[in-house]
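These notes concern the structure reproduced below.
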Protein chains: 2
Amino acid sequence: MSTMGGLSQMKLAVNFLTIGLVILSLPCGSYTEIPPKPPGSVTVLPPVKPAGGPQAFPDAENSNLPVFTMDYARIQVPFEVTLWVLLASFAKIGFHVYHKITFWVPESCLLISIGLIVGAIMHSVHEEPPAVLSYNVFFLFMLPPIVLESGYFMPTRPFFENVGTVLWFAVVGTLWNSIGIGMSLYAVCQIEAFEVQDINLQENMLFAAIISAVDPVAVLSVFEDVSVNEQLYIVVFGECLFNDAVTVVLYNMFIFVADMPVVEPVDVFLGVARFFVVGLGGMGFGVIFGFVASFTTRFTSNVREIEPLFIFMYSYLAYLVAELFSISSIMAIVTCALTMKYYVEENVSQRSCTTIRHVVKMLGTISETLIFFFLGVVTITTEHEWNWGYIMFTLLLALVWRGLGVLVLTQIINPFRTIPFNFKDQFILGYGGLRGAISFALVFTLPDSIGRKKLFLTTTICMIMFTVFIQGISIRPLIEFINVRRTNRNLETINVEIHSRLIEHTIAGVEDLCGQWSHYYWKDNSKDDMEEVTSAANNRMSLVVYFLSFQHCI
Amino acid sequence: MSTMGGLSQMKLAVNFLTIGLVILSLPCGSYTEIPPKPPGSVTVLPPVKPAGGPQAFPDAENSNLPVFTMDYARIQVPFEVTLWVLLASFAKIGFHVYHKITFWVPESCLLISIGLIVGAIMHSVHEEPPAVLSYNVFFLFMLPPIVLESGYFMPTRPFFENVGTVLWFAVVGTLWNSIGIGMSLYAVCQIEAFEVQDINLQENMLFAAIISAVDPVAVLSVFEDVSVNEQLYIVVFGECLFNDAVTVVLYNMFIFVADMPVVEPVDVFLGVARFFVVGLGGMGFGVIFGFVASFTTRFTSNVREIEPLFIFMYSYLAYLVAELFSISSIMAIVTCALTMKYYVEENVSQRSCTTIRHVVKMLGTISETLIFFFLGVVTITTEHEWNWGYIMFTLLLALVWRGLGVLVLTQIINPFRTIPFNFKDQFILGYGGLRGAISFALVFTLPDSIGRKKLFLTTTICMIMFTVFIQGISIRPLIEFINVRRTNRNLETINVEIHSRLIEHTIAGVEDLCGQWSHYYWKDNSKDDMEEVTSAANNRMSLVVYFLSFQHCI
């Protein structure tokens, strides 16, 4: 609002850029109520005295009809949101004009850098940071598109082939990291020299949960470029998706716990119970809404123009209802997207299908872009609390626990896998644990009742910067250097594809006769999407295994 | 908020419907700030005492960790908006399941009827009407998609062929109606028996401007079904589009004037000046943003996923900037859409193009659906002021002035037209002047400082009901009965098409040599969109005329 005074003095051309950098003054809630008569609305031409535009209903004072009026406060919110989105989109265009940049430096790094520059400009003109990223705005408007995109575009076939490993890493891995990092950080806090003894165990656990959310968008795009093997790809993809759910659950739980003076043993049990209620409840809602959406699209053949709307509305409704009951809204929207995807795409028209995919992708991309962009801006404009000990130990502990976790968890899961992870895979799994948008948003929207919020914010930003810049940039050369197992897309794909599918169907049939449902059942029931990551090489490798198990079966 | 108490007692299944009918309690501005701790958030399972969910940061009171919480206030706004949209979409599905209904009864009638039923239910459970349709929500969020849709899907070729007539009817016709109805209503107000002497001239003019906005969606769909001649179609289409702009200008002007104690002569001149500033300024902004958008899409070939976003952002920005300067935002967004359409559709990928078209259509449709739906709800739930004299005279005068206007304006424009309107066309033009969403939204969002706002609202609703139900339902039989000139789509289309285009191009070339620019120039420069309304029959009819003028030229 403080910009109103200056606005009339500036030239129009300057306005556009400046307004873009101006405070997005959306206070705590979400959209603010716009005052009906803005304080500084400016009337130009005939009367020089400021008389509110036609929209701002004027006082009884006898002024002439204005030929030209200006009223900024009225359009401020949508205008500035639009400008931020445009700015972020321009950044994306800019990177891709010089394609070489994005080949070596992940897009998230570039976005953060642009954000840093914009932040520096804002800081130099003493503007406040954009307050748009409040708890509600993030959880109700920015997170859903990101998660919907991941859920909707998840390659179903490889996912169900690796569902056990994915959930293992997502759930147990995240718990491992949160608890491990939280406990060790609490131990570190006891060292007097660091002057962080006031951070209690609950707050350390909360913070550990926040920085346990991995967000390997950058890693995934590298994986796609160098066509790394699907097992690795889907595990990183799935881990990222479901570990968001786990992190948010932990986050909500620890935020509650952080304010409790005493944590009784019963609370631990309630926490575990809540964990299951939240996760399975979210899944349940997702499935219900997914089926309702699939069912609805059977009747939309005469209203093709609003068909895509149903997909967005139902997914969003699943998310909101889950939020209402404080169960995992991420699980709900992901499950909803997974459930309805194939039914919906069969029911709707080709154009609607294209629109749905494109819009889901678009909203997700822009949401994520905005968050990285804000990350850069906030890094400069917000107040920091720097504490060498705490920050360095966090970086170290996060690396150590992630590495340990991957080693231990892989040892446990490997015997159950058809294609076990080798040491190189493990290394990339551990090294690919970048932190990103979710961590930042979670820490940024922490309640002010957390005493060391500033320190947590600073540490999280350091953590993100470190992982995104150092690990993100080095992972491509590293993958090529250690020569991680690739997919080999050039072999006799169609032939192999046909045979392996035939065998899979047969196995599913045999299992059905035996009364046994393994993952072949789910693969058999999930339609193949040839565009997706699922490639022939995967089948080629499993072919021998399938054949052996087939023989064994008979 | 009053629903919170009941919510916990009701069953979940009942909730969904009830919440849909509940107050959309968005006060005056737009989105409201959501209180961080809702008054009635309910915690179920372990502790029976209400302790806010994890999101609502609890007091220091020692409560156990809740396994299951509920927090409605937080998600209220997006949740209820989503439900309203879903409800409206369901209504649309419902109509089309029985296609026969929508053949005889326009969709707007059905939507209003459903709205009436929902309103009656809400009234019976003593719910307040949805306050979602505030001035800002309507003008910043609901109107842009509707106008963007019309502008984007305007058939360019017929439009430029009839641009003179369209603007003539839109601008002069709307002024004629507004001034005529306003003056005569003021005269009616002087009759003591009606007890409306307190309505002054300015308020009458304001009201007349509101009910001069025609919205012939229903008529257009009938026109398409019976394939009426293009001249009639495009004039009704264009009139509706540009007369919105004129109406909104008049509305803003009269709202300002309505509060002026004395209207000096200079104000009239300023009003006229403002009229031109507003109209041409809007056009200017539209063209600028349109070209910037076209230019931007030249660089998006690497970021296909966010391409459609630019179209929406730029159109919206054109709209908002126009709103900022209080110039015609409708003109701005329509001109922007017209300017960028062909460039953009050449630049973007096929998928992006489909997405843009689909989303523009979708948003426009749902916005309009919602407004008609709310019209029904508000009719029941709002307070009315009934005044036989004023209402009946408004209906009568609107009909009379519309009829007179069409007759007089057609007589003036006919000599300049290649294909003059005959009497049947004129009748349908006059009879097709349905009132709709814009009128309702304008009157509903009138400031409370207008003394007889309730009477105006009641009269406008009567006017809309009368025109939409009586005229809307009867226009199809009427067109068939009086046998209005149709297009004849079955003649040798391709052959005729090729020849007439050839001749047109030649004429454009000859004119260029003569240094003369007529509408052939614009037709020649505007790319043809074969999907659009432009049909061969149009060319067939003009063929002889073109040929003659061609001979004449040589």
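Sequence lines set the chain letters: A, B, ... in the order given, protein chains first and strands last, and positions in each chain run from 1. Please read these numbers as outputs of a predicted model, since none were measured by experiment.
One finds the NE2 atom of A:His358 at 6.5 Å from the CD atom of B:Glu307 (value rounded to the nearest 0.5 Å). Atom CG of B:Leu320 sits about 11.0 Å away from atom CD of A:Glu80, to the nearest 0.5 Å. Interatomic distance, B:Arg351 CZ to A:Cys353 SG, rounded to the nearest 0.5 Å: 8.0 Å. To the nearest 0.5 Å, atom OG1 of residue B:Thr82 and atom OH of residue A:Tyr314 are 12.0 Å apart. Note that the CG atom of B:Leu140 and the CZ atom of A:Phe79 stand 12.0 Å from one another [nearest 0.5 Å].
Proximity to chain A is absent for every atom of B:Phe276, based on heavy atoms less than 4.5 angstrom apart. Interface residue A:Ser352: backbone and side-chain heavy atoms are both found under 4.5 Å from chain B. Interface residue B:Thr354: backbone and side-chain heavy atoms are both found under 4.5 Å from chain A. Heavy-atom distances place both the backbone and the side chain of B:Phe299 under 4.5 Å from chain A. Of the atoms belonging to B:Phe310, it is side-chain heavy atoms, and not backbone ones, that fall under 4.5 Å from chain A. With a threshold of 4.5 angstrom between heavy atoms, B:Thr369 does not approach chain A through any atom at all. Only the side chain of B:Phe312 comes within contact range of chain A, with at least one heavy atom under 4.5 Å from a heavy atom of that chain.
Ranking B:Val303, B:Ile93, B:Leu86 against chain A, the residue ahead of the rest is B:Ile93, based on heavy-atom pairs under 4.5 Å. Interface summary for chain A: among B:Leu309, B:Thr365, B:Val85, the most heavy-atom pairs under 4.5 angstrom belong to B:Leu309.
Within the 4.5 Å cutoff, no side-chain heavy atoms of B:Thr355 are placed close to those of A:Ile356. The shortest side-chain heavy-atom distance between A:Glu305 and B:Lys361 falls under the 4.5 Å cut-off.
Every residue was checked against the ring pair (Phe, Tyr, Trp, His ring centres under 6.0 Å) condition with B:Phe95, not counting sequence neighbours, and none meets it.
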Output, in order, the C-alpha distance, side-chain angles, deciding distance and verdict of side-chain contact (heavy atoms from CB on, under 4.5 Å) for B:Val321 and A:Ile75.
CA-CA 8 Å; B:Val321 171; A:Ile75 63 153; over 6 Å; no
